[in-house]
Amino acid sequence: MKFKFFLIRSISIAIMLILTLVSLVLAVVMSHASTPSSGDTLYFPWMLFGDELVPLLFFIPALIFRSRMCTLAAIITSFMNIFIRTSAIILFNETFMPLDYHSLKILWQHTDLYALEAAFGEHFIYWLIPLLLMGGSVVIYCCILSWKTAGKNYRRVSRKWVFFFSILLGLSLISNLLFLIFRMNTPESYLASRPLPIVSADLTNVTLRKLYERKDFQKIPLPESSQKILKEMNIIPAEKVETRTGTEHFDRIIIIAVESLDFSFIGAHNPQMPPGITPELDKLTGNYPSMKNYFAAAQPTSWALNALLLSRLDYDKDRYMDNLSLFSILKSKDFYSYYFSAASGKFGENRRIYKSAFFPDEQFFLEEWESTSRFIKESDWGLSDKTLFEGVFEQLKNSGKKRFIALISTMDTHPDYYSCDLTDEEKRNFPTPFLQALHNCDREIGKFVRKLTADPELYNDRTLIVITADHTATHGENFLKRKNFTPARIPLIFICRDQNIFAGLDTGKFASSIDLAPTLLHLTGCQIPETFIGRALFSPKNMAISRVFGDVLLLNTPAGEQAVNTREEDTPDKTAQAFRDLYHSHYGR
C-alpha cells in the first residue's frame, strides 16, 4: 500500500505523529487546567513530553528492525495514553485528583458511576457507548493499516525518523527524570499532572503495598479469656452477633457535627465560659436528651468521621479495608445519604477518600456549593456556617427524598475563626475571634434547628436531629482545664418530637463517638454489623473508648481513666490485655 504525505512514506509513522501530537495537546490541557491559581507552571516541561515514554520505547525498535509487533505495541500504548489522559480530564475535571488507587477504587466500587453522571448528565450512557465503539473502531483500523505496511516502508525512511523519534524519547526521559528529581518538593495538587509512566509506577507500587497491608490487617481471633472479660464489661455483646434490633423510629436523620466543639465550651456545662456565649445550645441541652459523658473517639476530623460513620478507631487502616458504614447499611432500608461540608474536597483528597470509605450517595464540598448554587468561599476554609446551613436546608427541602440521613460538618470554630453579623454589644461581650466564632456558630445552629422544626415536610414524628462535634477541641483559648488535648468530652443532643423513645437512655453513662452509629442503627431497626467496635447507647456498656495517636487506647469509665498501649506485649493487667486483643481482632498486629 503506497502512502505519501509531506514526505512521510509510512502510515505507521503518520499515525504515531498524530497520536504524539494529540498526546502533547492533552498534556497542555491538563497542565493548564490543573495549574494553581498562583499561575506557577514550574512542572509544565515534565508534563509536556512525559506521557510518550513507553510508546516511543516500542516505536524506535519498530523503525530499526521493521517489527510489526513493536509497531502495534507503540500504537496501542499511545491510544491507551490518550484514553487514560482524556478520562482523567473528563472524570476528575473539578479537582484534577491524581489517577491512582483511590480514584480507581471509587469508579470500581460505585456502580452508579457518579463521576460520569456528574460530568455528562443522567443519560450519558446512550451516547457514551457509541462514542467508545467509534474510538475502538479507530484503534482497530489504525492497527490494521500499520500491520499491512509496517514491513514495507521502514527501509527507506527509518534513519531520519529514528533520529526524530529518538529526540522525542530523550525529551520524554528528561521529563520523567525531572519529575522524579523535584517530586519531593512538589505540592500534592501537582500529582494530577504526573507523566503517565510515573502514574503507572506509582499505581503499581501503591496497589502492591495496599495488598500487603491488607494481609497485615487480617483479623486475629479474640482469645476466649479476653472475650470473657469484655463480655462481663458489656464491651462486646454476649452473642457473637447482636441479632436483636431496635424499632424503626425514624425516616429522617440529620447529624450536625460541629467543628471542635468541646463539651466545656457550652455555657450550660461550664460556668467559667462568658455569660450568654451559647444560649441556643444551652436551651437544646436542657430541653432534649443530652449525654454528659460522651467522648470523642478520635481526631482530627477524618478520623472523627471514621469513628462516627464506621464505628471504628483507625482511619489510616480503615480506608483500605472493606467495612460497612452507617450510610451503606441504611441504604438497605432505602435511606439516601448526604455528606455536607463547608470545606474544599481537595483538602486531604477528602472527596475521593470519603466517597470510597464512607459510601455517601451524594457529597457537597466547597466546589459543589460553588458550582450548583450562588454560594462562594467566605472564610479561610470555605463556607460560613450560616451559608452552609442555608445550602443544606435548600438541598434537603428540594430533594424529595422520603428517607434520608445527612451529616453536616461545620467550619467556623476552626482556626482562623470566622464570624459574621455580630452586633457591637456581642463583640464587646465576646472580644476574641474564638469567642465570636463560637457564639456565631451557636446562633446559626439555633436558626437552623428552628427552621427545620418549623417545616412539616422535613420535621415530623419520624425525624431525628443529632447535635454533636466531630472531635474535642485541639485549640481554643483558656477555657479548657485539661493538661493535654487527647480525645475528651463532646456534646451529644437528640432532638425529636417523641422523647419517650429515649426514656430508657442513661444520659450519664460513658460512651464515645464509635457508639453513635450503632445507636442510630438501633433506632432504625437495623442489625449492628460485626465490623463495628461500638455499641448502642441503649446497651449496658458504660465505657468510652477513644484512640490517641501513637496506638494508645484511652478508656474512660465512672471509675476513672486508663490508657492501653496496643503495641505492648502481654502484661499481668488482664483488662488492658483484653482491650489490646479487641483492637488486634479488628486490625491485626
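Every value quoted in this text rests on a predicted model; they were computed, and no experiment measured them.
- Side-chain atoms of Ser356 never come within 3.5 Å of backbone atoms of Ile353 as a donor-acceptor pair (strictly under, hydrogens ignored).
- In Phe58, the CZ atom is not crowded: 12 or fewer heavy atoms of neighbouring residues, nucleotides or ligands sit closer than 6.0 Å.
- Between Pro61 and Cys70, the shortest heavy-atom distance links the atoms CB-SG, 4.4 Å.
- When all heavy atoms of Ala304 and Ala298 are compared, the pair lying nearest together is CB-O, 3.6 Å.
- Judged by distance alone, the side chain of Thr413 and the main-chain N or O of Glu259 form a donor-acceptor pair under 3.5 Å.
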Criterion side chain to side chain contact (heavy atoms under 4.5 Å, CB included) on Gln395 and Phe340, from CA distance to verdict
CA-CA 10 Å; Gln395 289 297 325; Phe340 296 107; 4.1 Å; yes

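- Between the Asp412 side chain and the Ser384 main chain, no donor and acceptor come within less than 3.5 Å of each other.
- Below 30°, between 30° and 60°, or above 60°: for Phe165 and Trp161 the angle between ring planes is between 30° and 60°, a tilted geometry.
- Contact of the His584 side chain with the Arg580 side chain is registered, since non-hydrogen atoms from C-beta on lie closer than 4.5 Å.
- The ring-ring contact (aromatic ring centres under 6.0 Å, His included) test with Tyr339 is passed by exactly one of Phe359, Phe358, Tyr354, Phe404: Tyr354.
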Note to self: Please evaluate residues Gln527 and Leu521 with respect to the criterion side chain to side chain contact (heavy atoms under 4.5 Å, CB included), reporting the C-alpha separation (whole Å), side-chain torsions for both, the decisive distance (0.1 Å), and the verdict.
What the structure shows: CA-CA 7 Å; Gln527 189 176 100; Leu521 291 182; over 6 Å; no

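- Checked by atom type and distance alone, the side chain of Thr77 never pairs as donor or acceptor with a backbone atom of Val54 at under 3.5 Å.
- Of all non-hydrogen atoms in Ala406 and Leu396, the two that sit nearest each other are CB-CD2, 4.2 Å.
- Here the CD atom belonging to Gln363 is positioned 10.5 Å from the CG atom belonging to Leu407, to the nearest 0.5 angstrom.
- In this structure, a donor-acceptor pair under 3.5 Å is absent between the side chains of Tyr418 and Asp385.
- No side-chain heavy atom of Phe59 sits under 4.5 Å from any side-chain heavy atom of Val162.
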CA sep, side-chain torsions, deciding dist, call: Trp147, Ser12, side chain to side chain contact (heavy atoms under 4.5 Å, CB included) = CA-CA 8 Å; Trp147 181 267; Ser12 300; over 6 Å; no

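- A heavy-atom distance below 4.5 Å is not found between the side chains of Trp303 and Leu313.
- Leu383 is not listed as a side-chain neighbour of Met411, based on a closest heavy-atom distance of 4.5 Å or more.
- In terms of modelled atom types and a separation under 3.5 Å, the side chain of Asn306 and the main chain of Ser302 share no donor-acceptor contact.
- Across all non-hydrogen atoms, the minimal contact from Thr410 to Val258 is OG1-CA, 3.3 Å.
- Between the OG atom of Ser512 and the CG atom of Leu308 there is a distance of 10.5 Å, given to the nearest 0.5 Å.
- Considering only heavy atoms from C-beta on, Phe389 comes within 4.5 Å of Ile408 through its side chain.
- A 4.5 Å side-chain heavy-atom check between Ser78 and Met16 finds at least one atom pair inside the cut-off.
- Nearest heavy-atom pair, Pro360 versus Lys355, reported as atom, atom and distance to 0.1 Å: O-NZ, 2.9 Å.
- One N or O on the side chain of Ser172 and one on the backbone of Leu53 form a donor-acceptor pair closer than 3.5 Å.
- To the nearest 0.5 angstrom, Leu26 atom CG is 8.0 Å from Asp51 atom CG.
- Between Leu310 atom CG and Asp318 atom CG the span is 6.0 Å, to the nearest 0.5 Å.
- In this structure, Arg312 satisfies the cation-pi test against Tyr587, with its NZ or CZ atom closer than 6.0 Å to the six-membered ring centre and inside 45 degrees of the ring normal.
- Closest approach of Leu222 and Leu582 over heavy atoms only: CD1-N, 3.5 Å.
- One distance of note links CD1 of Ile256 with CG of Asp470; it measures 13.0 Å at 0.5 Å rounding.
- The backbone N or O of Ile329 lies less than 3.5 Å from a partner atom in the side chain of Ser332, making a donor-acceptor pair.
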(request) Determine, step by step, whether Ile84 and Val199 satisfy the side chain to side chain contact (heavy atoms under 4.5 Å, CB included) criterion, reporting the C-alpha distance in whole Å, the side-chain angles of both residues, the deciding distance to 0.1 Å, and the verdict. (result) CA-CA 10 Å; Ile84 292 171; Val199 171; 5.8 Å; no

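- Each of Ser341, Ser344, Ser409 was evaluated against Phe365; a single residue qualifies, Ser341, per the side-chain contact (heavy atoms from CB on, under 4.5 Å) test.
- The closest donor-acceptor contact from the side chain of Ser23 to the backbone of Thr20 lies at 3.5 Å or more, if one exists at all.
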When you look at Asp361 and Ser337, which way does the side-chain hydrogen bond (donor to acceptor under 3.5 Å, both in side chains) test go after all the steps?
CA-CA 5 Å; Asp361 289 310; Ser337 55; 3.2 Å; yes

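- To the nearest 0.5 Å, atom CG of residue Asp334 and atom NZ of residue Lys401 are 10.5 Å apart.
- Counting heavy atoms from C-beta on, the side chains of Leu330 and Cys526 come closer than 4.5 Å.
- In this structure, the side chains of Leu17 and Phe164 come closer than 4.5 Å at one or more pairs of heavy atoms.
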